[in-house]
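Step one of this worksheet: look at the structure below.
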Amino acid sequence: MNETKKIPVILDGDPGHDDAIAWVLANASPALDIRAVTSVCGNQIIEKTTYNAMRIMTLIGLHVPMAKGVDNPLIANPIIAPVVHGKSGLDGPALPEPDFEMSPLSAVELMAKVISESDEPVTLIPTGPLTNVAGLLLAHPELKEKIARISIMGGGIQMGNWTPAAEFNILVDPQSAKLVFQSGIPIIMAGLDVTEKALVCPADFDRIRAVGNKVAVTVADWLEFFYQFHKTMDYPGAPIHDAVAVAALVKPEILTMREMYVDVETCGDYCMGCTVGDWFGTTGHAPNATVLLDIDREAFVDLLVEAVKTYGEGN
Ligand code: BDR
Ligand code: CA
């Protein structure tokens with residue numbers, strides 16, 4: 001039998017509606033082998049994102065080790081986003097209580113354990129601030145070689161969303177982001193250039209809801225909630241940013257990309273957290289990132305619909 005090898009991955013996020021949907025997609029994909037999940041502070045404080053991570057894992061039947069991140073970004077003060085994700089960080093539908101205990105290890109130590117015990121290099125999928133990933137690289141530089149790549153949701157070459165120059169995940173922890181972009185590990189950057197085009201619209205919510213199982217209905221409810229914020233800014237749908245970092249691994253053919261050198265501004269008055277992309281190669285630096293620029297929106301929606309179909313009635 002000629003079975004394609006699964007990609008071993010660690011999901012690291014601050015759920016968050018779009019993180020949750022990214023994890024639904026990752027857990028449904030036969031291309032990925034999820035080895036661990038870690039939480040990070042971002043959309044909400046770490047207690048809330050950790051609790052949300054555990055409830056999502058319970059909902060989707062994802063039974064792998066899970067560990068909590070630290071309370072604060074590396075240097076910067078925390079910023080949270082209740083205006084987008086609600087007070088809990090994942091407002092909307094009721095979720096099951098966690099049906100498992102989290103790991104006694106820290107997020108960084110769990111990542112290190114999984115990577116060092118793996119026979120093959122592991123891919124990281126961070127969909128929140130890069131605090132844990134930077135912490136891992138600082139504490140365990142010897143593991144760099146065993147990280148195949150990092151598929152990040154963060155940044156934007158042409159725009160910001162939390163300031164005119166900076167995207168939320170990078171702005172929350174710019175120093176960590178800089179460290180990760182300069183690590184030499186291959187990076188896929190699902191920034192706002194592409195994720196603002198990954199729109200899931202009300203008609204798509206109906207398609208997802210119609211699948212009818214518990215995960216499908218919950219995803220539709222998450223989408224409805226997430227859309228409320230975007231609707232106030234006249235979006236035709238909700239940009240499911242974080243799911244693009246997963247799509248880049250499981251369905252790269254729906255994406256347009258460009259190799260580029262990207263660095264992060266960590267001391268600007270106006271541009272703190274900006275991901276500066278060397279579009280024309282003027283710095284002379286070799287590219288360090290594959291920057292995603294466009295997506296086949298309909299294929300992306302189809303991917304989400306197919307993902308929720310893989311869940312049964314029990315979950
Ligand atoms: C990013 O910010 C968060 O609010 C989302 O979960 C996503 O990761 C988009 O800028
Ligand atoms: Ca996120």
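Any value given below was found using the heavy atoms of this structure, including those in side chains, with hydrogens, waters and symmetry copies removed. Predicted, not measured: the structure shown is a model, and the values here were computed from it. Ligands are counted one by one from 1 in listed order, and the atoms in each one are counted from 1 as well.
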message: Checking a contact table here: which protein heavy atom is nearest atom 2 (O) of ligand 1, and how many Å away?
response: Phe168 CD2, 3.5 Å

field: Carboxylate-amine/guanidinium proximity below 4.0 Å for Asp294 and Arg258
entry: no

message: Parallel, tilted or perpendicular, judged at 30° and 60°: which one describes the rings of His85 and His17?
response: parallel

query: Considering all heavy atoms of both residues, which atom of Leu255 and which atom of Lys251 are nearest to each other, and what is their separation?
result: CD1-O, 4.2 Å

query: Taking NZ, NE, NH1 and NH2 as the nitrogens, is one of them in Lys5 or Glu120 under 4.0 Å from a carboxylate oxygen of the other?
result: yes

N/O separation below 3.5 Å, His85 to ligand 1: yes

Residues Arg297, Asp204: salt bridge by 4.0 Å N-O rule: yes

message: I'd like to know whether Thr218 forms a side-chain hydrogen bond (donor to acceptor under 3.5 Å, both in side chains) with Asp221, so could you lay out the CA-CA distance, the side-chain angles of the two residues, the decisive distance to 0.1 Å, and finally the verdict.
response: CA-CA 5 Å; Thr218 305; Asp221 288 345; 5.6 Å; no

message: Show the atoms of ligand 1 that are less than 4.0 angstrom away from any heavy atom in Thr127.
response: 8 (O)

message: Tell me the angle that OD1 of Asp14 and OD2 of Asp19 form around the Ca ion (ligand 2), rounded to 10°.
response: 70°

field: Those atoms of ligand 1 less than 4.0 Å from some heavy atom in Asp19
entry: 6 (O)

statement: Of Leu192, Asn43, Asn169, the residue with the heavy atom nearest atom 4 (O) of ligand 1 is Asn43

statement: Which of Gln44, Glu97, Lys68 passes side chain to side chain donor-acceptor pair (under 3.5 Å) with Tyr51? Answer is Glu97

query: Of the protein's non-hydrogen atoms, which lies at the shortest distance from atom 7 (C) of ligand 1, and what is that distance?
result: Asp18 OD2, 3.1 Å

message: With a cutoff of 4.0 Å, is His17 in contact with ligand 1, counting heavy atoms of the residue only?
response: no

field: Contact check: Asp242 vs ligand 1, nitrogen or oxygen atoms, below 3.5 angstrom
entry: yes

- prompt: Counting only heavy atoms, which portion of Asn161 has something under 4.0 Å from ligand 1: side chain, backbone, both, or neither?
  reply: side chain

query: Which pair of heavy atoms, one from Ala190 and one from Ala245, lies closest together, and at what distance?
result: CB-N, 3.9 Å

Proximal atoms of ligand 1 relative to Glu167 (non-hydrogen, under 4.0 Å): 1 (C), 2 (O), 9 (C), 10 (O)

message: Other residues, nucleotides and ligands only: do more than 12 of their heavy atoms fall within 6.0 Å of CD on Glu253?
response: yes

message: Under 4.0 Å from a heavy atom of Met153: which atoms of ligand 1 are those, numbered in the order shown and with their elements?
response: 1 (C), 7 (C), 8 (O), 9 (C)

message: If you consider just the N/O/S atoms, which atom of Asp242 is the closest one to the Ca ion (ligand 2)?
response: OD2

message: For a distance under 3.0 Å, tell me if Thr127 has an N/O/S atom near the Ca ion (ligand 2).
response: yes

